[in-house]
Protein chains: 2
Amino acid sequence: MIQSVDRAIRILGVLQGARRLSLSEVASRLELPPSTAHGILKTLQAHGMVVQDRDSNRYQLGPAVLKLGNVYLDTLELRSRAVTWSEELARRSGHAVRTGVLTFDEVVIIHHEPRPDGSRQMPEVGIVIPAHASALGKALLAFLPEQVDGLLAGDKLRSMTSETLIDPAVLRSQLTEIAREALATEREEAVLGEAGIAAPIFDASGMAVGAIGIVLPAADWPPAESTFTAVREAARNISRELGASRWPVSV
Amino acid sequence: MIQSVDRAIRILGVLQGARRLSLSEVASRLELPPSTAHGILKTLQAHGMVVQDRDSNRYQLGPAVLKLGNVYLDTLELRSRAVTWSEELARRSGHAVRTGVLTFDEVVIIHHEPRPDGSRQMPEVGIVIPAHASALGKALLAFLPEQVDGLLAGDKLRSMTSETLIDPAVLRSQLTEIAREALATEREEAVLGEAGIAAPIFDASGMAVGAIGIVLPAADWPPAESTFTAVREAARNISRELGASRWPVSV
DNA sequence: AAGACCGTTCGACATTATCGAATGATTCTC
DNA sequence: GAGAATCATTCGATAATGTCGAACGGTCTT
């Protein structure tokens with residue numbers, strides 16, 4: 001682990017959390033001398049990874065990170081496959097569809113298909129959700145035992161709502177159940193009023209590389225049986241296109 | 001400039017260009033010993049900035065860059081303002097609307113409003129276009145003389161089509177004209193069959209912070225006079241919301 | 001008007017990144 | 001199927017490089 005590179009990424013991390021920070025704020029949050037932080041910040045700035053406000057001197061993320069994010073999406077075969085089937089799933093279910101991948105203890109949304117009712121909805125690509133508090137995350141974790149160990153070895157499970165699973169034992173037993181069904185559900189565990197259903201997506205090597213699922217109002221629970229089937233089928237279809245031989249793959 | 005941080009960002013840069021690279025490919029492109037590149041890559045990997053394919057051992061960008069990109073968009077006041085007015089401009093003009101910012105010699109699209117004909121269109125947020133070959137870029141450059149100097153001090157202007165402006169003198173004179181009108185146009189200079197119209201957006205300090213414009217088929221050129229007016233008004237309205245006292249601001 | 005704060009620059013120092021060499025795994029070739 | 005070649009990775013000695021204290025100049029506050 002290279003110290004200065006590590007520090008540079010940590011700086012991007014605090015700017016991610018706090019939007020706009022002065023040099024001294026960045027330095028104090030990372031417990032670095034201001035001059036050290038300054039050198040790293042200027043290097044990041046030279047590449048457009050951060051920009052400095054002319055008036056306030058404060059730093060924030062720069063356009064270069066957006067460019068990187070966009071290229072990341074383009075490189076993902078999962079995403080291009082998900083686009084087609086998300087559309088179908090949104091039509092069949094009548095709900096918004098999300099596809100996500102796991103990074104450490106979070107799910108990052110890589111595709112979002114709005115509810116097919118024509119209303120204007122915020123695109124959700126790039127947003128992150130704690131894995132243990134989402135259907136997408138649980139669907140992935142159920143087939144990635146190593147990641148579960150990593151997750152539980154870290155900080156306590158963060159509570160998002162009163163329904164969030166924060167007991168490791170409860171989470172583990174639910175994941176076992178999800179692995180059996182290849183279907184994860186979530187009821188107001190991340191956001192009050194929202195529920196979710198998701199299923200895992202596997203690649204040619206049988207690895208769980210993502211999950212696809214729908215978001216629906218908690219009031220609409222339980223949805224029709226056909227909705228569960230539709231989610232499973234979308235996941236199975238994408239997995240097949242990625243070269244997976246079986247679905248679901250056993251843990 | 002911190003060498004190792006600089007190298008880390010360069011690595012992200014080559015992965016951005018080439019999607020998926022082995023360690024030795026990364027190393028040779030940057031003229032680094034493989035062991036040096038390896039150390040940096042592992043640090044980036046530890047933060048999810050790059051991921052390594054299990055089977056092929058090749059590296060590619062990771063989900064963390066998408067997360068960063070999304071937060072960048074959220075921090076931009078310009079973007080939130082642009083959303084509302086883009087919608088209006090798309091409706092009035094009947095064309096797709098783009099809002100972009102300048103980084104070095106490129107324009108990065110920070111918002112895209114699809115053509116209001118209901119057809120399915122690829123979102124273009126995050127894509128980059130050479131500044132000298134786009135209406136958005138020229139609208140910005142006309143009000144940022146320093147950036148023009150930087151642009152022309154670098155490599156030769158890259159030709160995208162036969163119409164691309166590659167002569168610095170021609171570009172400079174066109175920019176003078178654009179600064180006078182506060183309106184830039186482009187006809188098949190970036191993509192054959194596409195034309196564009198754009199106007200600069202200023203913030204409270206009078207700096208050109210972005211540009212908004214429309215993309216239309218080259219065959220539809222010239223559009224109605226009202227279309228030009230609509231673009232200028234969108235830019236003026238956003239500038240006003242950002243606190244700009246006048247529009248356009250003199251160079 | 002004086003003080004406090006902040007971003008920035010500079011340079012001596014030692015920590016830290018670097019890179020060659022060695023290892024082990026995997027793939028290609030014959 | 002055996003041998004060769006390529007590749008990612010590890011390790012450690014070396015010195016190059018990042019680090020951080022101190023000082024400067026600017027701006028905002030009291």
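These figures come from a predicted structure and were not determined experimentally. Each chain gets a letter, A, B and so on, in the order its sequence line appears, and its residues count up from 1.
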Legend entry - Carboxylate-amine/guanidinium proximity below 4.0 Å for B:Arg236 and B:Glu233: no

Legend entry - SB check B:Arg172 B:Asp167 (cutoff 4.0 Å): no

Legend entry - Salt bridge A:Glu106-B:Lys67, side-chain N to carboxylate O under 4.0 Å: yes

Legend entry - Phosphate OP1/OP2 of C:dT8: any A:Tyr59 side-chain N/O under 4.0 Å: yes

Inset, instruction - Would you mind reading off the distance between B:Leu41 atom CG and D:dA8 atom P, rounded to a whole angstrom? - result: 10 Å

Inset, instruction - Take B:Ser22 and B:Glu25 through the test side-chain hydrogen bond (donor to acceptor under 3.5 Å, both in side chains) and record every step on the way to the result. - result: CA-CA 5 Å; B:Ser22 65; B:Glu25 285 167 335; 3.2 Å; yes

Inset, instruction - Have a look at A:Ser24 and say if it touches a base, only the backbone sugar-phosphate, or nothing, with a 4.0 Å heavy-atom cut-off. - result: sugar-phosphate

Legend entry - Minimum-distance nucleotide (side-chain atoms of B:Pro33 versus D:dG18, C:dC19, D:dT9): C:dC19

Inset, instruction - Kindly say if A:Gln3 contacts the phosphate of D:dC20, meaning a side-chain N or O under 4.0 Å from OP1 or OP2. - result: no

Inset, instruction - Would you mind classifying the nucleic acid contact of A:Arg58 as base, sugar-phosphate or nothing, using non-hydrogen atoms under 4.0 angstrom? - result: nothing

Inset, instruction - Check every atom of C:dA21, C:dT18, D:dC20 against the side chain of A:Ser35 and return the nucleotide holding the closest atom. - result: D:dC20

Inset, instruction - Compare all side-chain heavy atoms of B:Lys42 with those of B:Tyr59 and state whether any distance is below 4.5 angstrom. - result: yes

Inset, instruction - Please measure how far the P atom in C:dG11 lies from the corresponding atom in C:dT15, and state the result in whole Å. - result: 22 Å

Inset, instruction - Indicate, with a heavy-atom threshold strictly under 4.0 Å, whether A:Leu23 touches base, sugar-phosphate, or nothing. - result: base

Inset, instruction - Please state how far atom CG in B:Asp53 lies from atom P in C:dT26, giving the value in whole angstrom units. - result: 14 Å

Inset, instruction - Select from A:Lys42 and A:Arg7 the residue whose nearest nucleotide in DNA chain C is closer to the 5' end of that strand. - result: A:Lys42

Inset, instruction - Give B:Glu25 one of three labels, base, sugar-phosphate or nothing, depending on what nucleic acid heavy atoms sit under 4.0 Å from its own. - result: nothing

Legend entry - Proximal nucleotide (of D:dA8, C:dG7, C:dC19) relative to the B:Thr36 side chain: C:dC19

Inset, instruction - Quick one: label B:Ser4 by what it contacts on the DNA or RNA (base, sugar-phosphate, nothing), any heavy atom closer than 4.0 Å. - result: sugar-phosphate

Legend entry - Protein-nucleotide distance (A:Arg10, atom CZ; D:dT19, atom P), rounded to Å: 13 Å

